[in-house]
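Written out below as structure tokens is the structure these notes cover.
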Amino acid sequence: MRVLSGIQPTGNLHLGNYLGAIRNWVRMQDEVAAKGGQSLYFLADLHSLSDHMTREARRDALTDMAAALVACGIDSTKSVLFNQARVPAHAELCWLLNGTARMGWLNRMTQWKDKAGKNRDGASVALFDYPVLQAADVLLYQTTHVPVGDDQKQHLELARDIAVKFNADTGREVFTLPEPTIPPAAARIMSLRDGQAKMSKSDPSDMSRINLTDDADTIAQKVRKAKTDPEPLPSEVAGLEGRAEAKNLVTIMAALDDRSADAVLAEYGGSQFGPFKAALAERLVVELSPIRERYLG
Ligand code: TYM
């Protein structure tokens, strides 16, 4: 068993990164070691070159992200934590895999379509080739499991397609096919301001996300102001249909408690959002304040 995953060192870690990926990385460390496997986690600094940043900002973002991962519980006695750019083989394998990946495959990537928008001719080649570098990250180490949020699923399917074609072209089982490990409960945490948009570092509104560095008052304020609707909470998950913002808050509560959304609604169904939001903010502070303290310390 070899587990590997990465994160772009840009901006703060937010609740989506934490519940969708990092918490799983931390949890998997012991399990993997017990099975005699290896865990590898890295800062995807080569990937972040697809956007311009000054040298100083890039260096600060790297050290901040490394500190945040350690604060979350990534333990260098159990996992290897490294910078992608320090291992030239990532870029080298990317170039080799560029001979296998097809333009049509990359053109179908939703992240490419979203980020390039209508200005494809003005987008960087690195943004287009981004998923091939990601495939190289994974295939380089014969990775078996890749813990990620749902938004990375398509990139991992592409990594598998590249591995299958490379193995077929060469007539040898050169690469292991990696499996994504996506948490069922928190695969996609949404923005607090818009239940249709994913919680993201690049959202210009800081009110849209909970950062792992937010203090208790900021968390309480963001949750209080989170967009909801006028109806009380339903008693069953089916009642969240068409209520994206309500569903997101229930999902967050369920993920924090490691219980189902139905169990959360069995407790809060029929209640207005006021008391539910107060309970959610309190639960978030319990989860995140030790991380924040370790990070700032
Ligand atoms: P990045 O830096 O955007 O995100 C890091 C991890 O956080 C997850 N995530 C979320 N999960 C649930 N809800 C959300 N709102 C949310 N936002 C982010 C992501 O799914 C991811 O697991 N391309 C990758 C980095 C990468 C990588 C790799 C990952 C580079 N090479 C190889 C795995 C394997 C990225 O930009 O993640």
Side-chain angles (χ1 to χ4, degrees), residues 2-26 28 39-51 61-62 64-66 68-69 72 74 82-85 87 89-91 93-94 97 109-112 114-115 126-127 129-160 162-163 178-203 208-212 244 247-248 251-252 254-256:
R2 183 165 294 145
V3 178
L4 169 135
S5 199
I7 183 162
Q8 286 207 59
T10 44
N12 278 325
L13 264 186
H14 58 70
L15 187 67
N17 298 132
Y18 179 69
L19 293 178
I22 317 297
R23 190 173 67 157
N24 266 355
W25 299 5
V26 173
M28 286 174 87
S39 303
L40 307 169
Y41 296 114
F42 67 93
L43 303 161
D45 41 6
L46 290 175
H47 276 106
S48 72
L49 292 174
S50 56
D51 276 332
L62 260 179
D64 287 352
M65 185 59 82
L69 293 179
C72 286
I74 296 296
F82 68 102
N83 288 10
Q84 183 190 33
V87 184
H90 287 251
L93 182 58
C94 173
L97 298 180
M109 294 293 111
T110 47
Q111 184 174 302
W112 156 248
D114 290 350
K115 289 206 171 168
L127 188 63
D129 204 30
Y130 182 111
V132 182
L133 179 59
Q134 184 157 346
D137 299 335
V138 174
L139 300 180
L140 185 59
Y141 299 95
Q142 307 292 18
T143 303
T144 54
H145 296 82
V146 188
V148 283
D150 184 65
D151 60 345
Q152 297 302 316
K153 196 169 161 203
Q154 197 188 30
H155 285 162
L156 291 173
E157 279 161 7
L158 181 92
R160 288 174 66 96
I162 292 176
E179 289 292 339
T181 310
I182 298 177
R188 188 174 279 264
I189 301 295
M190 308 310 279
S191 153
L192 299 180
R193 307 301 301 164
D194 174 2
Q196 308 297 331
K198 114 187 146 165
M199 185 176 285
S200 142
K201 314 173 203 186
S202 53
D203 192 316
S208 70
R209 64 184 157 258
I210 307 278
N211 300 307
L212 267 54
K247 187 172 178 192
N248 189 38
T251 301
I252 294 173
L256 288 167

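One-based numbering, in listed order, for ligands and for the atoms of each.
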For [atom], what's the nearest protein heavy atom and its distance?
{"atom": "atom 25 (C) of ligand 1", "answer": "Gly6 O, 3.5 Å"}
{"atom": "atom 32 (C) of ligand 1", "answer": "Gln134 CG, 3.6 Å"}
{"atom": "atom 7 (O) of ligand 1", "answer": "Asn17 ND2, 3.1 Å"}
{"atom": "atom 3 (O) of ligand 1", "answer": "Gln152 NE2, 4.3 Å"}
{"atom": "atom 23 (N) of ligand 1", "answer": "Tyr130 OH, 2.7 Å"}
{"atom": "atom 17 (N) of ligand 1", "answer": "His14 CE1, 3.6 Å"}
{"atom": "atom 31 (N) of ligand 1", "answer": "Asp137 OD2, 2.6 Å"}

Going from [atom1] on [X] to [atom2] on [Y], what distance comes out if it is rounded to the nearest 0.5 angstrom?
{"X": "Tyr18", "Y": "Asn211", "atom1": "OH", "atom2": "CG", "result": "14.5 Å"}
{"X": "Asp151", "Y": "Thr110", "atom1": "CG", "atom2": "OG1", "result": "8.5 Å"}
{"X": "Leu13", "Y": "Ile7", "atom1": "CG", "atom2": "CD1", "result": "4.5 Å"}
{"X": "Trp25", "Y": "Asn17", "atom1": "CH2", "atom2": "CG", "result": "8.5 Å"}
{"X": "Ser191", "Y": "Lys198", "atom1": "OG", "atom2": "NZ", "result": "12.0 Å"}
{"X": "Met199", "Y": "Ile210", "atom1": "CE", "atom2": "CD1", "result": "6.0 Å"}

Per-atom contacts, ligand 1 versus [X] - under 4.0 Å to a heavy atom:
{"X": "Gln8", "value": "2 (O), 36 (O)"}
{"X": "Gly20", "value": "11 (N), 12 (C)"}
{"X": "Val138", "value": "32 (C), 34 (C)"}
{"X": "Val148", "value": "22 (O), 33 (C)"}

Check contact between Ala187 and ligand 1, using heavy atoms of the residue and a distance below 4.0 angstrom.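 Ala187 counts as a contact of ligand 1 under the 4.0 Å cut-off.
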Full working for side-chain contact (heavy atoms from CB on, under 4.5 Å) between Thr181 and Met28: CA-CA 10 Å; Thr181 310; Met28 286 174 87; 4.3 Å; yes
Nitrogen or oxygen atoms of [X] and ligand 1 under 3.5 Å apart:
{"X": "Ile189", "value": "yes"}
{"X": "Asp151", "value": "yes"}
{"X": "Ala21", "value": "no"}
{"X": "Met199", "value": "yes"}
{"X": "His155", "value": "no"}
{"X": "Lys201", "value": "yes"}
{"X": "Pro147", "value": "no"}
{"X": "Lys198", "value": "no"}
{"X": "Gln84", "value": "no"}

Derivation and outcome, side-chain contact (heavy atoms from CB on, under 4.5 Å), residues Val3 and Thr143: CA-CA 6 Å; Val3 178; Thr143 303; 5.9 Å; no
Checking the side chain of [X] only, and the main-chain atoms of [Y] only, is there a donor and an acceptor separated by less than 3.5 Å?
{"X": "Arg209", "Y": "Leu15", "result": "no"}
{"X": "Asp194", "Y": "Gln196", "result": "yes"}
{"X": "Thr144", "Y": "Arg2", "result": "yes"}
{"X": "His47", "Y": "Tyr130", "result": "yes"}
{"X": "Asp150", "Y": "Arg188", "result": "no"}

Proximity to ligand 1 by part of [X], non-hydrogen separation under 4.0 Å:
{"X": "Met190", "answer": "neither"}
{"X": "His47", "answer": "side chain"}
{"X": "Ala186", "answer": "backbone"}
{"X": "Val146", "answer": "side chain"}
{"X": "Phe42", "answer": "side chain"}

Taking everything shown except Lys201 itself, do over 12 heavy atoms lie less than 6.0 Å from its NZ?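 For Lys201, atom NZ is crowded (more than 12 foreign heavy atoms under 6.0 Å).
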Option of least heavy-atom distance to atom 10 (C) of ligand 1 (set: Ala44, Ser5, Gly16):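 The residue whose heavy atom sits nearest atom 10 (C) of ligand 1 is Gly16.
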Val138 and Leu4: CA distance, side-chain angles, deciding distance, side-chain contact (heavy atoms from CB on, under 4.5 Å) verdict: CA-CA 7 Å; Val138 174; Leu4 169 135; 4.0 Å; yes
Between Gln84 and Leu133, does the side-chain contact (heavy atoms from CB on, under 4.5 Å) criterion hold? Intermediate values first, please. CA-CA 10 Å; Gln84 183 190 33; Leu133 179 59; 3.9 Å; yes
